[in-house]
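Have a look at the structure below before the remarks.
Here is how names work: the chains are called A, B, and so on, in the same order as the sequence lines, proteins then strands, and each is numbered from 1. Basis for what follows: all heavy atoms, side chains included, without hydrogens, waters or symmetry-related copies.
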There are 2 protein chains.
Amino acid sequence: MSADPALRREIPDATVARLPEYLRTLSRLAEDGVLSVSSEELAAEVGVRSAQLRKDLSHLGSYGVRGVGYDVETLALEISRALGLTEDWPVAIVGMGNLGHALASYSGFVTKGFRIVGLYDDDPALADERVVGVRIRPLRELVDHHQVDPIAIGVIATPAPAAQAVCDALVGAGISSILNFAPAVLSVPDGVDVRRVDLSTELQILAFHAQRKSLAAGDLRTAVVAP
Amino acid sequence: MSADPALRREIPDATVARLPEYLRTLSRLAEDGVLSVSSEELAAEVGVRSAQLRKDLSHLGSYGVRGVGYDVETLALEISRALGLTEDWPVAIVGMGNLGHALASYSGFVTKGFRIVGLYDDDPALADERVVGVRIRPLRELVDHHQVDPIAIGVIATPAPAAQAVCDALVGAGISSILNFAPAVLSVPDGVDVRRVDLSTELQILAFHAQRKSLAAGDLRTAVVAP
DNA sequence: TCAACTTTGTGCATGGCTTCACAAACGTCT
DNA sequence: AGACGTTTGTGAAGCCATGCACAAAGTTGA
């Protein structure tokens, strides 16, 4: 017998990025009372090819039954395990402006797997306000909090100029997983993971494709440029 | 002489996704009074390899000077042109809960290139409220608005169950670029671009890496599983 | 029990992206 | 004017991810 492949082998980043999507869809199917799905059906729901789905799942182990498909509950559990969602991860949000408030009350957060344990902002106007049952505190209190009740993931929702300083504070406190909503590139030591979510980057990518479409749709600008 | 490569050749998706980052960094350098950068310097700022930066830029044309580097202003302008940001794109946001409010007042929006022209929500409690100078209206008024004053990009910030219906409404009105913040996979006809930003997906990816780190750091779970 | 049918798991080919390494091109200094 | 040092732009190689196609493995029905 071999050990769980999820814990031994390397899972490609591209696969990891798709697992949350599979999990979400499986959860919805489970709620709808669906007991079993084929790779073809699940792939159609998620919007990927069935071969890709099967290859992705093969990195976790072999949880399907040939001729039948996958048991929805089992597969959801195995993906949860692979992602590390069988226990809750404590999350702190720094920067409680509009975005911070939105994130704190976002339903996705309450989803199994994550728990908000700290909200931080140095603006005195926000001090002691409560959001989803957690009190907003000044950032300097984060270190003490982390020592008593460890924080696994730090979310930065401050304006861009403050982001690096906040990041340094988080890293200094010993937090090594950071989700950054500020439009800034953070420099961190090795071993710290940063993921960035940036609204304006996404808009700009959409603008690029929109421009291509409008040019392709008979706009004559290319012809004007060429002699 | 050939026409602008940005308008004739295909720019790889991976490159397009990095251009906004280059542009943001160049804008910051320009504000700091920097006139010229080498690919090495700019790549270090952005966090990519210099060879990658040069290859990315080569898809736009040849705007560098050998032995010197790139003129900051010129390069910023050319990237703006390639992304289609030399004119403003009208944006509408649907769903004005916490997230919608945060997006509307997000500074990234006001950045050159985008302009909020419509805010929509069917909740009567929000009707006629003004955010950043724009009045919130019921979604059914979007079609009329779009006919008078075209909307290029639609942003969906509703809860997941409403997302597909809102998407259908946007597509029906003739909008073909959509940014989706709801945790749902949208099905759209060919020719419509959808980009999704999902908080919980990002958190789950972080959780995966955090778990790997904690396992690698001497946790004995793998040893227990193996015989 | 056995044949027919379904669906998984995966070797292999294909395509795209990243990285390397270097010639070509430019400025500078003598 | 010419040699030298620097930096770009790009062919070529390597790497990773995707998609194809099929054998293996399971179920169903007779």
>> Suppose we call a contact any N or O donor and acceptor under 3.5 Å apart; does that hold for the side chain of K55(A) and the base of dG19(D)?
In response: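 Donor-acceptor pair under 3.5 Å: yes.
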
Quick one: [X] [atom1] to [N] [atom2], roughly how many Å, whole number?
X      : N       : atom1 : atom2 : result
E40(B) : dA21(C) : CD    : P     : 14 Å
D71(B) : dC26(C) : CG    : P     : 16 Å
L57(A) : dT8(C)  : CG    : P     : 9 Å
H59(B) : dG11(D) : NE2   : P     : 11 Å
L53(B) : dT7(D)  : CG    : P     : 14 Å
D13(A) : dC15(D) : CG    : C1'   : 14 Å

>> Show the nearest heavy-atom pair for residues L170(A) and G154(A), with the distance to one decimal.
In response: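 Heavy atoms of L170(A) and G154(A) come nearest at CD1-CA, 4.3 Å.
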
Counting only side-chain nitrogens and oxygens, does [X] get under 4.0 Å of the OP1 or OP2 atom of [N]?
X      : N       : answer
S39(A) : dT7(C)  : no
Y70(B) : dC26(C) : no
S62(B) : dG9(D)  : yes

>> Please check: side-chain N/O of Q211(B) versus main-chain N/O of A82(A), any donor-acceptor pairing under 3.5 Å?
In response: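 Yes: the side chain of Q211(B) pairs with the backbone of A82(A).
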
> Nearest nucleotide by nearest heavy atom, which residue falls closer to the 5' end of DNA chain D, E41(B) or R54(A)?
Replying inline: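 Going by which nucleotide is closer to the 5' end, it is E41(B).
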
>> Please compare R18(A) and R66(A) by the position of their nearest nucleotide in DNA chain D and report the one closer to 5'.
In response: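 Here R18(A) is the residue nearer the 5' end.
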
> Using 4.0 Å as the upper bound for N to carboxylate O, is an ion pair formed by R212(A) and E10(B)?
Replying inline: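 Salt bridge flag = yes for R212(A) with E10(B).
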
>> The side chain of Q52(A) is closest to which nucleotide in this list: dG19(D), dT8(C), dC17(C)?
In response: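 Nearest to the side-chain atoms of Q52(A), counting from C-beta on, is dG19(D).
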
> Heavy atoms under 4.0 Å, any strand shown: does R49(B) hit a base, just sugar-phosphate, or nothing?
Replying inline: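 If one applies the 4.0 Å heavy-atom cut-off, R49(B) turns out to touch the sugar-phosphate alone, with no base involved.
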
> Closest nucleotide of DNA chain C for D56(B) versus for G67(A): which of these residues is on the 5' side?
Replying inline: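 Per heavy-atom nearest nucleotide, the more 5' residue is G67(A).
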
>> Would you say that more than 12 heavy atoms from the other residues, nucleotides or ligands in this model lie under 6.0 Å from the CD of E73(B), or not?
In response: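 Counting other residues, nucleotides and ligands, CD of E73(B) stays at 12 neighbours or fewer.
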
>> Let me confirm one number: the CG-CD distance from L26(B) to E78(B), rounded to the nearest 0.5 Å.
In response: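 Rounded to the nearest 0.5 Å, the CG-CD separation comes out at 11.5 Å.
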
